[in-house]
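The structure appears right after this line, and notes come after that.
These numbers come from a predicted model, not from an experiment. The figures here come from the full heavy-atom set of this structure, side chains too, leaving out hydrogens, waters and symmetry mates. One-based numbering, in listed order, for ligands and for the atoms of each.
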Amino acid sequence: MTSSPSATDLYCVMGNPVAHSRSPAIHARFAELTGQRLRYERRLVALDGFAQAVRDFRAEGGRGCNITVPFKFEAQALATTCSERVHLAGAANTLRFQPDGSIQADNTDGLGLVADITRNAGVPLQGARVLLVGAGGAAAGVLGPVLQAGAVHVTVANRTLAKAQALVQSHSALAALQKAELLALSPQALEADFDVIINATASSLAGAEAPVPAHVLRPGSLAYDMMYGPAAQGFLDWARRHGAVPRDGLGMLVEQAAEAFLLWRGVRPPSGQVLQEMRQGA
Ligand code: ATR
């Protein structure tokens, strides 16, 4: 049986660049496994054309979209309503277009990270001491969910200390609510070791071995890079050499997509299965 395109709901990922995005393949597999009828495309958006691209996509019948670099901040500004997670992160990665014309924004990056660490890697964040390295958009997207997952201590370390301090400041009320200790430090000032170290910088791309000293690791610490592929390799090799358990961000990518899929479709896809298939190159 064939179906007309209009019977199939349309979604996309918008970014620049976007050719590398694995989101279309992930959402196609989610749709297949859950029996949802949707089409998910890739849209390369001109750097000054984001708002227009969203209008055009809606006019085509688009129901929602994922947003990637560099439009996550603009996506927040464009939205009619923003989830608490978007307010905390200052950025959105998921838009949902409502029939009344309003645009709802959410940020599923942090949920994806937490799900990958706790469910897929089996490492608890409840009661954990966490080091978050970096204070840019990637770090901002995950700090709130890491605190909400029950970490008792989070240090944000960044080359530019003022940015770490600003990120800590914007999350201080949440940390107090969660009864978590939240600190900003420059990498050289780090002393203790941590249960979980999250690299939210693209340090491996810059050829740097690691953005923090090795004594932050202890045997068995989880060393997580939010990137995957060659962009994570330097950090993961460094972590392995120092006895930590390395993990790349492929699971975060799949899990953030699963959270977006759930928001749009009301159905939770089998993300663990899809991650396994991707790791096996299926
Ligand atoms: P993103 O949205 O990916 O987070 P960003 O907002 O430009 O990108 O932030 C990049 C982060 O990686 C910052 O924390 C940056 O440190 P600074 O604030 O000091 O610039 C960090 N970063 C980038 N390259 C780095 C490197 N080679 N070593 C250490 N930190 C690096």
Are Pro269 and Thr34 close enough that some pair of their side-chain heavy atoms sits under 4.5 Å apart? yes
Hey, are the side chains of Pro213 and Leu190 touching, using non-hydrogen atoms and a 4.5 Å cut-off? yes
For the pair Phe261 and His27, name the ring-plane relationship: parallel under 30°, tilted 30 to 60°, perpendicular over 60°. parallel
For ligand 1, which atoms, with element, lie under 4.0 Å from some heavy atom of Gly134? 14 (O)
Closest non-hydrogen protein atom to [atom], residue and atom name please, with distance?
atom: atom 27 (N) of ligand 1; answer: Ala206 CB, 3.6 Å
atom: atom 6 (O) of ligand 1; answer: Gly137 N, 3.1 Å
atom: atom 17 (P) of ligand 1; answer: Thr160 OG1, 3.4 Å
atom: atom 12 (O) of ligand 1; answer: Thr201 CB, 3.3 Å
atom: atom 3 (O) of ligand 1; answer: Ala138 CB, 4.0 Å
atom: atom 5 (P) of ligand 1; answer: Gly136 CA, 4.0 Å

Give a yes or no on whether a salt bridge exists between Glu60 and Arg43, defined as a side-chain N under 4.0 angstrom from a carboxylate O. yes
Could you name the option among Arg159, Lys163, Lys72, Met227 that has the heavy atom nearest to atom 26 (C) of ligand 1? Arg159
Quick check: Asn158 and ligand 1, any N/O pair under 3.5 Å apart? yes
Judging by distance only, is a nitrogen or oxygen of Ala135 under 3.5 angstrom from one on ligand 1? yes
Residue pair Glu277 / Gln273, side-chain donor-acceptor N/O under 3.5 Å: yes
Between the side chain of Asn93 and the main-chain N/O of Thr108, is any donor-acceptor distance below 3.5 Å? yes
Here's one to test your reading of the geometry: is the NZ or CZ of Arg129 within 45 degrees of the ring axis of Phe194 and under 6.0 Å from its centre? yes
